[in-house]
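See structure below.
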Amino acid sequence: MSETLDSSAPVRVRIAPSPTGDPHVGTAYIGLINYLYARQRNGQFVLRIEDTDRTRFVPTSEQMIFDSLRWLGLAWNEGPDVGGPYGPYRQSERTEIYRAHADQLLASGHAYRCFCTAEKLEADRRQQIAAKLPPRYPGTCRSLTPDEIAAHLAAGTPAVIRMRVPLEGSTTFRDELRGAITFDHHNVDDQVLLKSDGYPTYHLANVVDDHLMRITDVIRAEEWISSTPKHVLLYQSFGWALPRFWHMPLLRNQDKSKISKRKNPVSLIYYRQAGYLPQAVINFLGLLGGGMPADSNGGTEKFTLDEMVTHFRHENIRTGGPVFDLTKLKWLNGEYLRALPSDDFYSALRSTVLADDYLRPIAALIQTRIELLSQFGDLTGFLLNDNTHPPESVYLPKNRTREETLAFAADQLTALESADWQQESIESALKQLGTEKQWSVKENFMLLRAIVTGSTMSPPLVESMVIFGKSRTLDRLRRFLETEKKRPPVK
RNA sequence: GGCGCUAUCGUCUAGGGGUUAGGACGUGAGAUUCUCAAUCUUAAAACACGGGUUCGAUUCCCGUUAGCGCUACCA
């Protein structure tokens, strides 16, 4: 095992979300654990944006991450928006640093250039899988001669830089929650460190940044355990001291799989818009995985972020993955809502479901459709209600079976998930799906209307969906599918 | 398939070599309330399995099983 950081070094931790979409509830969870750790030890909490995957980059994502984490009360000491002594805190602005470090590994022999094409790698992988072998990089470019490399470079062949994992031996590291974990080098792949577009992969960037940013404790999700030996090897190649590693259990869906948007609302935007209070969400997150002594608050399961700072014990974190139980979160939220002073409760309503920004576009939508102002609620109920589950008689099109209808609704969900949330993109995504599956525009939109509004009659559907918001609309679709799946056919 | 991690009520968890294995959510029943919600009372509900170690294992060790994760020029 390698040396660890000087244990007297001031504690510095980080979260490193990727701006690839809506801010994720898992980011908030890991953020909370890091935040508590830093505050308990008078340490620093760093926010770093890991935007090295240019293909999945979503420009609006970063701001949403900032807003959501602040909403929850997780303030960071250093980050892209607040600055700090170890910036820049956006990885896309640090590419020179990664390149220099990759070059250093090239020079020291800990890494090598690889000129294999994506097609070849894919073919290799398929062959290995077919032969029941573990898919690994076959080492084609591992021992290229200087001449061969020069030739490729001269020819301008696109290249990546891979790490040279020792063929023999093993790497052991300590996980603060589980003890020593060992990986045989046979099972550690020659990971790509620098991609052909010049951006680093997570593995290089996170090691380089954690070292340069003086991170003492890497507190991250359990899914990283199997790549930790690569990181340890990298630290060793650079001759750097190791941080402590804490791998948190993964949040789970009801079926125990890793939490996913397909089976659960995971967007923090959703929780905000649906009317969860930040103190309820953060309290609930603190309940998952243990860490709070049961008797620290007189046995209550309700506690504030500050109470967590004083009582939370990282050593007591349970390593089994907790199911993210929406039912319990809702109960907790109700508790907080009821405990609110009535004025605060009213402002909470006014800043969410009755916010001007929300109501104004709704007004525009119904102005031409009413004769009395008091009819407002008649037309907009579905935008103010939480649950609008249509009966089969409403959602089922003539000449369609229940099975094909539910299957199509699931397709609609998939199509909408990847759609940009604007009228035109939503419409074209839906129409394209309709054409593919031979559903008429009318059937298509009517079904969706029934699911989203609970009725066959409503203001313009897509505009309504835009106002209602992506995360809530998709959630409605998901809940519809889920309950219909469980319900036996009525007919 | 390979490697790794994990295992207490349906769910979140407490506990720990000898306990009636505790609490919370949810569920059932009852009380209260004009209704509903809230509230109160109450009930059902768990140590995955097999070997050890031990006077005694749910607790410690090993194995099995199951679940999960990783196995990308994604993070």
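Naming convention: chains lettered A, B, ... in sequence-line order (proteins, then strands); numbering from 1 in each chain.
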Which whole number of Å gives the distance between the C1' atom of B:C62 and that of B:A75?
->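 37 Å, rounded to whole Å.
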On a whole-Å scale, what distance lies between the C1' atoms belonging to B:U39 and B:U6?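 Per the computed distance, 39 Å lies between those C1' atoms.
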Q | For A:Phe238, ring pair (Phe, Tyr, Trp, His ring centres under 6.0 Å) partners two or more places apart | A |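 Here the qualifying residues are A:His101, A:Trp240.
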Taking only residues two or more places apart in sequence, or in another chain, which ones meet A:His247 in a ring pair (Phe, Tyr, Trp, His ring centres under 6.0 Å)?
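Once residues adjacent in sequence are excluded, A:His247 has no partner under the ring pair (Phe, Tyr, Trp, His ring centres under 6.0 Å) criterion.
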*When the distance from CG of A:Leu250 to C1' of B:A7 is rounded to whole Å, what number comes out?*
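So the two atoms are 16 Å apart, to the nearest Å.
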- Whole-Å gap separating C1' (B:G69) and CE (A:Met248):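 After rounding, the reported distance stands at 15 Å.
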For a quick test of reading the model: is some side-chain N or O of [X] closer than 4.0 Å to OP1 or OP2 of [N]?
| X | N | value |
| --- | --- | --- |
| A:Arg162 | B:C73 | yes |
| A:Arg318 | B:U8 | yes |
| A:Arg125 | B:A72 | yes |

### Query
Taking it one step at a time, do A:Tyr199 and A:Tyr98 satisfy ring pair (Phe, Tyr, Trp, His ring centres under 6.0 Å)?
CA-CA 8 Å; A:Tyr199 283 90; A:Tyr98 308 124; 8.9 Å; no
So [X], base contact, sugar-phosphate only, or nothing? Heavy-atom distance under 4.0 Å.
| X | answer |
| --- | --- |
| A:Val160 | base |
| A:Ser196 | base |
| A:Phe284 | nothing |
| A:Ile181 | sugar-phosphate |
| A:Pro19 | nothing |

Find the partner of [N]: check Watson-Crick (N1-N3 plus N6-O4 or O6-N4) and G-U wobble (N1-O2, O6-N3) distances, both under 3.5 Å, and reply none if neither fits.
| N | result |
| --- | --- |
| B:U58 | none |
| B:U39 | B:A31 |
| B:A44 | none |
| B:A24 | B:U11 |
| B:A66 | B:U6 |

Short N-O contact, A:Arg39 and A:Asp306, less than 4.0 angstrom: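 Salt bridge: yes.
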